[in-house]
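Worksheet: one structure, shown below.
Because only heavy atoms are used, hydrogens play no part in the values below, and waters and symmetry mates are left out as well, while side chains stay in. Residue numbers start from 1 in every chain, and the chains themselves are labelled A, B, ... in the order their sequence lines are given, proteins ahead of strands.
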Number of protein chains: 2
Amino acid sequence: MKASIEDVARQAGVSTATVSRAFSRPDMVSAKTRAKVMEAAQQLDFSVSRMAGILKSGRSHRVALLVGSSKLDWFTSRIIEGLNEVLRSAGYDLVIQPIGDAGAREEFFDELPVRGNADAVIVSSFAITPAEIRRLNTTRIPLIGINTASQGFTASVGIDDKAGIRLIVRHLTTLGHRNLLYLYETFDATMGFSSHNRVTGFLEACSELDGVTGQTMDMQAGDDPVDAALTALLARDDAPTALCFHQDSLAIPLFFRLRQCGMAIPTDLSVTGFDNSTFSGEVGLTTVRQKPYDMAVAAARKALDLIEGRTLDQPHEIFPVQLLVRDSTAAPRVRG
Amino acid sequence: MKASIEDVARQAGVSTATVSRAFSRPDMVSAKTRAKVMEAAQQLDFSVSRMAGILKSGRSHRVALLVGSSKLDWFTSRIIEGLNEVLRSAGYDLVIQPIGDAGAREEFFDELPVRGNADAVIVSSFAITPAEIRRLNTTRIPLIGINTASQGFTASVGIDDKAGIRLIVRHLTTLGHRNLLYLYETFDATMGFSSHNRVTGFLEACSELDGVTGQTMDMQAGDDPVDAALTALLARDDAPTALCFHQDSLAIPLFFRLRQCGMAIPTDLSVTGFDNSTFSGEVGLTTVRQKPYDMAVAAARKALDLIEGRTLDQPHEIFPVQLLVRDSTAAPRVRG
DNA sequence: TTGAAAGCGCTAACAC
DNA sequence: GTGTTAGCGCTTTCAA
């Protein structure tokens with residue numbers, strides 16, 4: 001049986017309050033008493049239980065992270081790293097709640113297991129409806145968004161997707177490309193599509209430029225991006241000379257398999273990604289860098305501030321993106 | 001202010017005990033009463049706080065996952081997915097505790113924040129000393145290992161690293177390779193090296209075969225694996241004809257950059273990995289598949305059984321591995 | 001089937 | 001600087 005604070009108090013010949021203080025505010029206890037307490041604690045193999053304090057303080061010391069899928073992709077893994085880093089050292093648990101399908105989603109918002117059971121809710125990369133936000137807000141719990149397009153968050157961090165994709169478009173058109181194709185995976189309709197701004201941003205950036213044609217093509221989740229790309233490329237007479245992928249992970253397989261199809265990057269085709277995720281540097285993929293880890297650290301800090309009742313001087317923060325030009329983009333081949 | 005169980009009791013005209021039962025054991029309350037309670041709860045926007053019950057039950061409903069690094073790699077991400085899936089639906093929180101460096105490690109084992117604050121501890125992929133295990137065992141908390149070489153766990157799941165790497169060695173030697181090089185990243189010495197069996201297994205498998213030379217080379221974490229591989233390849237006169245990487249992620253960059261160096265896979269060089277992680281299929285890397293998600297699911301189930309006092313019929317479980325032959329291996333070129 | 005009341009292990013206000 | 005004591009919000013005997 002685990003020793004309780006009373007056992008330690010008895011053993012050390014002090015009161016439970018003193019034991020409690022010896023642990024939580026050491027400087028409020030004389031050095032001598034503290035030593036006695038610590039020794040008794042050691043002997044009894046005692047350590048304070050977080051649960052009791054939590055009950056007392058009315059705080060759960062938990063922060064819920066809502067993610068759109070139970071698969072932890074590159075982005076989500078970085079988010080978890082950043083959040084965990086900050087929250088753990090502040091004594092909070094990070095609890096990952098995948099809201100996979102419409103069912104899980106409804107259940108979550110219905111039961112709202114959050115009420116009194118989490119001190120803050122962080123939503124990463126999925127769109128959430130106004131009704132859901134309102135529901136969440138009834139709990140008076142800080143709601144922080146990470147790369148979410150929606151409104152209504154207490155605080156948020158994110159990148160400017162439109163600005164990011166515009167960098168890509170301008171880079172390509174500066175190289176001489178006039179016919180660009182944007183490829184993205186469609187999502188479960190009920191999940192929302194938080195980075196949809198990237199798609200519309202692409203079209204806007206293209207239309208800003210004279211003589212530039214930008215088209216978009218969606219593929220089903222799970223579709224092979226290489227096959228999708230080839231289909232798009234070979235279907236039309238005015239084939240695009242550059243392919244812009246919604247994220248790096250979609251573009252990378254192209255580097256292996258395009259050669260089989262008699263095409264070389266960037267000679268025959270320029271390719272771009274978005275994220276700067278794993279292996280992007282190694283393959284030489286031109287992309288836009290975003291730093292989810294940094295965003296998560298900022299999000300966690302905001303969450304802590306909000307939980308502790310401090311007001312934020314900058315609740316909504318936009319993180320910079322940077323164009324990373326590498327070997328996958330070049331001037332288009334002159335038409336034969 | 002959040003409504004308490006008393007508010008609901010008052011509103012519904014019943015006792016707090018009845019409200020509690022209406023939620024935790026609905027069948028112990030008459031349908032009529034239950035309906036009244038639920039309606040009151042709805043009106044007051046009440047839901048039970050897990051914290052109070054937790055305090056009462058003496059269980060924290062938390063499971064700690066100890067990982068060796070704060071970076072979530074492919075393996076660890078899959079582990080988290082599997083654990084979270086099972087634990088969450090059983091009402092447990094998964095708490096990720098990176099034990100990054102020696103300092104964090106010592107602090108952890110010294111303070112053992114686990115005591116009374118987690119119902120089980122799961123250790124993933126890092127070696128843990130007998131002394132640390134003993135320390136952990138003083139807490140009487142189930143200790144579950146995932147791919148840990150150490151002894152002393154209450155339960156464990158893992159693969160047979162030696163059998164896995166032997167598959168690779170036999171595949172290559174069957175193709176005709178006689179000179180193999182094994183490349184791995186060295187780890188912080190204090191971190192242990194849980195998959196060290198892979199290295200020794202490689203050497204053993206080679207020595208079992210006549211005329212086969214197996215060498216190993218370690219690289220510093222952070223070193224470019226391509227540069228390391230080239231160095232090894234160009235340094236010796238009897239250059240190896242096959243490179244075996246400790247994990248896929250180390251091998252993949254080779255596929256992009258080796259061509260620059262005038263070498264083709266598998267014509268000039270056979271390459272193998274281990275894991276079957278992201279992009280391994282796309283690049284055509286011959287590898288050994290392991291399924292961390294499945295192992296995590298099993299580990300979580302064992303943890304729950306142990307927490308709930310059930311005995312395991314198979315505490316230590318070895319998961320199968322499978323050789324995946326793809327395009328990165330072929331017969332060695334005949335020496336010119 | 002329901003209610004009264006005793007805790008779970010600690011913290012913090014208050015008294016000394 | 002230290003002790004006393006009343007809760008935190010539930011669950012769970014025990015009685016009715």
Side-chain angles (χ1 to χ4, degrees), chain A residues 1-41 44-62 91 113-119 139 308, chain B residues 1-38 40-41 44-62 91 113-119 139 141 308:
Chain A
M1 215 46 262
K2 184 170 174 294
S4 81
I5 202 171
E6 271 188 82
D7 301 327
V8 178
R10 204 173 311 120
Q11 169 111 357
V14 297
S15 72
T16 61
T18 302
V19 176
S20 175
R21 280 190 286 254
F23 280 94
S24 52
R25 297 134 144 52
D27 42 285
M28 286 187 63
V29 175
S30 77
K32 215 172 60 195
T33 314
R34 197 166 59 229
K36 258 193 323 198
V37 170
M38 290 309 177
E39 196 195 317
L44 298 170
D45 197 37
F46 167 88
S47 72
V48 297
S49 147
R50 75 191 323 254
M51 295 310 153
I54 278 175
L55 178 55
K56 183 76 184 158
S57 72
R59 293 238 178 91
S60 66
H61 280 235
R62 301 196 326 150
V114 152
R115 217 176 308 131
N117 293 324
D119 300 334
T139 65
E308 266 138 46
Chain B
M1 214 47 260
K2 185 172 175 289
S4 80
I5 201 171
E6 270 188 83
D7 301 326
V8 178
R10 202 173 312 118
Q11 170 109 358
V14 298
S15 71
T16 62
T18 302
V19 175
S20 175
R21 280 190 285 253
F23 280 95
S24 52
R25 297 130 144 48
D27 42 286
M28 286 186 64
V29 174
S30 77
K32 214 173 60 194
T33 313
R34 197 167 60 228
K36 258 194 322 197
V37 170
M38 290 310 178
L44 296 171
D45 198 36
F46 167 89
S47 70
V48 296
S49 147
R50 73 192 321 254
M51 296 310 153
I54 278 174
L55 177 56
K56 184 74 183 161
S57 72
R59 292 239 177 90
S60 65
H61 282 234
R62 302 165 86 224
V114 152
R115 218 175 308 130
N117 292 322
D119 300 334
T139 64
I141 284 172
E308 266 138 45

Q. Which residues satisfy the side-chain hydrogen bond (donor to acceptor under 3.5 Å, both in side chains) test with Glu6(A), sequence neighbours excluded?
A. none
Q. Can you list, by residue number, the residues of residues 29-37 of chain A that have a non-hydrogen atom closer than 4.0 angstrom to DNA chain C?
A. none
**Q.** Whole angstrom value for the distance that separates P of dC8(D) from CG of Leu55(B)
**A.** 13 Å
**Q.** Qualifying salt bridge (Lys or Arg N to Asp or Glu O under 4.0 Å) pairs, either residue in residues 23-38 of chain A, two or more places apart
**A.** none
Q | Partners meeting side-chain hydrogen bond (donor to acceptor under 3.5 Å, both in side chains) with Arg62(B) (sequence neighbours left out) | A | Asp93(A)
Q. Listed by chain and number, what are the side-chain hydrogen bond (donor to acceptor under 3.5 Å, both in side chains) partners of Ser49(A), not counting sequence neighbours?
A. none
Q: For Ser57(B), check side-chain hydrogen bond (donor to acceptor under 3.5 Å, both in side chains) against everything at least two apart and list the hits.
A: none
**Q.** Base-paired stems that DNA chain D participates in, counting runs of 3 or more Watson-Crick or G-U pairs under 3.5 Å
**A.** C:1-16 with D:1-16
Q) Has the side chain of Arg50(B) got a donor or acceptor atom that lies under 3.5 Å from a matching backbone atom of Gly91(B)? A) yes
Q) Roughly how many Å is it from CG in Asp27(A) to P in dT2(D), rounded to a whole number? A) 12 Å
Q: Working to the nearest 0.5 Å, report the span between CD1 of Ile54(A) and CG of Leu55(B).
A: 10.0 Å
(Q) Determine whether a donor-acceptor pair (N or O, by modelled atom type, separation under 3.5 Å) exists between the side chain of Asp7(A) and the backbone of Ala41(A). (A) no
Q.
Quick test of your reading: applying side chain to side chain donor-acceptor pair (under 3.5 Å), list the pairs with at least one residue in residues 11-20 of chain B, sequence neighbours left out, ordered by first then second residue.
A. Gln11(B)-Gln43(B), Ser15(B)-Thr18(B)
(Q) What is the separation between atom CG on Asp119(A) and atom P on dC8(D), rounded to the nearest whole Å? (A) 18 Å
Q: Quickly work out the Arg10(A) CZ to dG3(D) P distance and round it to whole Å.
A: 14 Å
(Q) Just verifying a value: how many Å separate Arg21(A) CZ and Ser30(A) OG, rounded to the nearest 0.5 Å? (A) 11.0 Å
**Q.** Annotated protein contacts, base or backbone, on nucleotides 10-16 of chain D with a non-hydrogen cut-off under 4.0 Å, one of B, S, - each
**A.** SBBB---
